[in-house]
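Structure first, then comments.
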Amino acid sequence: MKSEPSTYSIDDLEREGKTQWEGVRNYQARNFMRDEMKIGDLVLFYHSNTKTIGVVGIGKVCSEPYPDHFAQNKKSAYYDEKSTKENPIWFMVDVCFVEKFKKTITLSEIKENKILKGMKLVQKGMRLSIQLVLKKEYEEVLKML
DNA sequence: GCCAACGTTGGC
DNA sequence: GCCAACGTTGGC
């Protein structure tokens, strides 16, 4: 799961222990979150759009998917008039803190790792903020610590 | 700050 | 249904 650290960083998650992953406004990412995520799923936490880009820690899905009520909040940056309480369009999960790495596993390191060349993250044009990571990819990333 | 790549919107 | 225009993402 990607996040811009200026918006929400691994340090924020460590401090809070748990957060709502609101604001996903992309259908593919929503579908993945809504249909595939289960409580206990482990998450690579990725910092994008920052000085040191890469995987910075681990989180865990700690709720069922549920409607993103920020979409009904007119004051929220994530407000979407098409999403109603009766017919919510957008969904989110809660993410809990597991671990913050001592170092960032950078995007360039991941790009250099042949075992990870199939990772969604390094596919051309892949901008999705939530991506499936295969078990072997997950384990390989952790080996790079 | 630039810009490529992608997604969404809306006219036709 | 096509596609141009526009907005966003995100690496560099």
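None of the values given here were measured: they were computed from a predicted structure. Order of the sequence lines fixes the chain letters, A, B, ..., with proteins taken first and strands second; residue numbering starts at 1 for each chain.
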Inset, instruction - Mind listing the closest non-hydrogen atom pair of A:Ile130 and A:Met33 along with its distance? - result: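 That closest heavy-atom pairing would be CD1-SD, 3.7 Å.
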
Inset, instruction - Check A:Met37 against A:Val93 and note the closest heavy-atom contact, atom names and distance. - result: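 That would be SD-CG2, 3.8 Å.
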
With a 4.0 Å limit, can you tell me whether [X] has a side-chain N or O closer than that to the phosphate oxygens OP1/OP2 of [N]?
{"X": "A:Tyr46", "N": "C:dG11", "answer": "yes"}
{"X": "A:Lys124", "N": "B:dA5", "answer": "yes"}
{"X": "A:Lys111", "N": "C:dC12", "answer": "yes"}

Legend entry - Sugar-phosphate only, base, or nothing, as touched by A:Glu4 at under 4.0 Å among non-hydrogen atoms: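 No contact.
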
Please give, in whole Å, the distance from [N] [atom2] to [X] [atom1]?
{"X": "A:Asn26", "N": "C:dT9", "atom1": "CG", "atom2": "C1'", "answer": "10 Å"}
{"X": "A:Asn49", "N": "C:dC12", "atom1": "CG", "atom2": "C1'", "answer": "10 Å"}
{"X": "A:Lys2", "N": "C:dT8", "atom1": "NZ", "atom2": "C1'", "answer": "12 Å"}
{"X": "A:Trp90", "N": "B:dG7", "atom1": "CH2", "atom2": "C1'", "answer": "11 Å"}
{"X": "A:Ile53", "N": "C:dT9", "atom1": "CD1", "atom2": "P", "answer": "15 Å"}
{"X": "A:Glu109", "N": "C:dG11", "atom1": "CD", "atom2": "P", "answer": "15 Å"}
{"X": "A:Met126", "N": "B:dG7", "atom1": "CE", "atom2": "P", "answer": "8 Å"}
{"X": "A:Lys82", "N": "B:dG7", "atom1": "NZ", "atom2": "C1'", "answer": "13 Å"}

Inset, instruction - Answer yes or no: is there a donor N or O on one side and an acceptor on the other, between the side chain of A:Ser3 and the main chain of A:Tyr8, under 3.5 Å? - result: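 At least one qualifying donor-acceptor pair exists.
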
Inset, instruction - Please determine, for the side chain of A:Arg127, which listed nucleotide (C:dC12, B:dT9, B:dG7) has the closest atom? - result: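 Selected nucleotide: B:dG7.
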
Legend entry - Pair A:Asp94-A:Tyr66, side-chain donor/acceptor within less than 3.5 Å: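 Yes, because at least one side-chain N or O of A:Asp94 sits under 3.5 Å from a partner of the opposite role on A:Tyr66.
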
